[in-house]
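To keep things clear, I will list the structure first and then write my remarks on it.
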Amino acid sequence: MLLFTPGPTPVPESVRLAMATPTLHHRTAEFEAIFKEARERLMRLLGMDECVMLASSGTGAMQACMLNLCATKALTVNSGKFGERFGKIADAMGREKVELKYEWNTPCSVEDVEKALLGNPDIDAMFIQVCESAGGLRHPVEAIAKRAKEINPNIMVIADGITAVGVEKIDVSHIDALVTGSQKALMLPPGLAMIGLSAAAVQKIGEGKDYYFNLATEIKNQQKNTTAWTAATTLIQGLNAIFDEIEKEGFDALYENTMARALATQAALEAIGFSMYPQTPALSMSTVYDEDAEPIRKLLKTKYAVNMAGGQDHLKGKIFRINQMGLIPVYESAWVVNAIELALADLGRRAFDGSASRVFNETYFKKA
Ligand SMILES: *Cc1c(COP(=O)(O)O)cnc(C)c1O
């Protein structure tokens, strides 16, 4: 079965093997050397002044940002489940919030953020996804962050890049916290969350808030190549192994390949009559709207050995999402669009003529 859900993604064999070594104790020089290497590589990937690794799923890092970087009022952007989650975290942590709410195919606009910030000068932190995974949507985070900082240079801009880091190079010039997780584009098992931080964010964290998610405590420890609590040792070994794997060709090659697969998938799906769901599709996943999506997804699983994701809430049964994150062999992606075309024929919706894989290949292998 090909795992084509937008997280978790398949873990490469070299990485699985690197995590199969005997358990290390975390308070040892041996592990500190591994941690140091992972930290340096992560810092380069995120391109920020500081970073921390947390033993938690991605949501833990989202919560850590709310606790440590928002003191008065949060601005949250809800274009789907993950943006909604920032709002729920604000409520749970007792932070006042202003929420900008959109349909799941609609990106947040610079103007709406501008209006919210001018109308609420007490907002001290804003929270947004780079890619909102609920509908495979790319927000214009860079432009929004830039405008937010013009309005209030002290505002903290927290970007959830869980389905963006490792997909594309993100301009972090105006971002104070860039959140990511292990199980998406970094192709590791779930359980490690990472946050890149700006110097301004480190300053605002100060003494830190919370106990487990006190980022000041983590920064102090991680600068010494250790962690406040027991480190996710195995996943951090895996992180070095995935860096080894990606760096064989380099991150730029991964970004280029991800884009090529995403664009070829989109062209192939459009060639057989589908439309993309989001107004601004992300490169991390290809999301198609279809009134009768569920039978297609079921057939892919039962007949064509492809596991792709559906939709949640009001989009249940109305979309399917094809992963593009990670080192995906191109022949797998070509099979996925072909399988979708075959499923349409099985369902009596469209005669099979091989258009999907032809257009996929023409687009992917087109020479510039
Ligand atoms: C997967 C994901 C998360 C994190 O979810 P966890 O289940 O807590 O790891 C957060 N934001 C986005 C956009 C995601 O896709």
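Both counts, for ligands and for their atoms, begin at 1 and track the order of listing.
Aromatic ring orientation, F320 versus F274: perpendicular (interplanar angle above 60°, classes split at 30° and 60°). Classification of the W104-H314 ring pair by plane angle, with boundaries at 30° and 60°, yields perpendicular. Between Y364 and F360, the ring planes lie parallel to each other; the angle is under 30°, not in the 30° to 60° tilted range.
Looking at D124, its side chain does come within 3.5 Å of a backbone N or O of T72 through a donor-acceptor pair.
When non-hydrogen atoms are compared, ligand 1 lies under 4.0 Å from the backbone of T59 as well as from its side chain. Looking at A193 against ligand 1, nothing comes within 4.0 Å, counting heavy atoms.
Distances shorter than 4.0 angstrom occur between a heavy atom of R85 and an atom of ligand 1. Ligand 1 has no atom lying under 4.0 Å from any heavy atom of A134.
Checked against a 6.0 Å centroid threshold, the rings of W335 and F4 do not count as neighbours.
For S133, a nitrogen or oxygen atom sits less than 3.5 Å from a nitrogen or oxygen atom of ligand 1, counting backbone and side chain alike. Taking any N or O of G58, backbone or side chain, at least one lies under 3.5 Å from an N or O belonging to ligand 1. Backbone and side-chain nitrogen or oxygen atoms of E132 are examined, and none is located within less than 3.5 angstrom of a nitrogen or oxygen of ligand 1.
The CD atom of Q129 sits 4.0 Å away from atom CG of D160, with the distance rounded to the nearest 0.5 Å. Interatomic distance, S79 OG to K101 NZ, rounded to the nearest 0.5 Å: 10.5 Å.
Among protein heavy atoms, the minimum distance from atom 4 (C) of ligand 1 is reached at I162 CD1, 3.5 Å. Counting only heavy atoms of the protein, atom 6 (P) of ligand 1 lies nearest to S57 OG, 3.4 Å. Atom 11 (N) of ligand 1 has D160 OD2, 2.6 Å as its closest protein atom, hydrogens excluded (heavy atom only). The protein heavy atom nearest to atom 2 (C) of ligand 1 is K184 NZ, 2.5 Å.
Per-residue contacts place C131 under 4.0 angstrom from the following atoms of ligand 1 (heavy atoms of the residue considered): 13 (C). Close contacts between ligand 1 and M62 involve ligand atoms 10 (C) [criterion: under 4.0 Å to a heavy atom].
By the 4.5 Å heavy-atom criterion applied to side chains, M93 and Q63 are counted as neighbours. Taking the side chain as every heavy atom from C-beta outward, I236 and L192 approach each other to under 4.5 Å.
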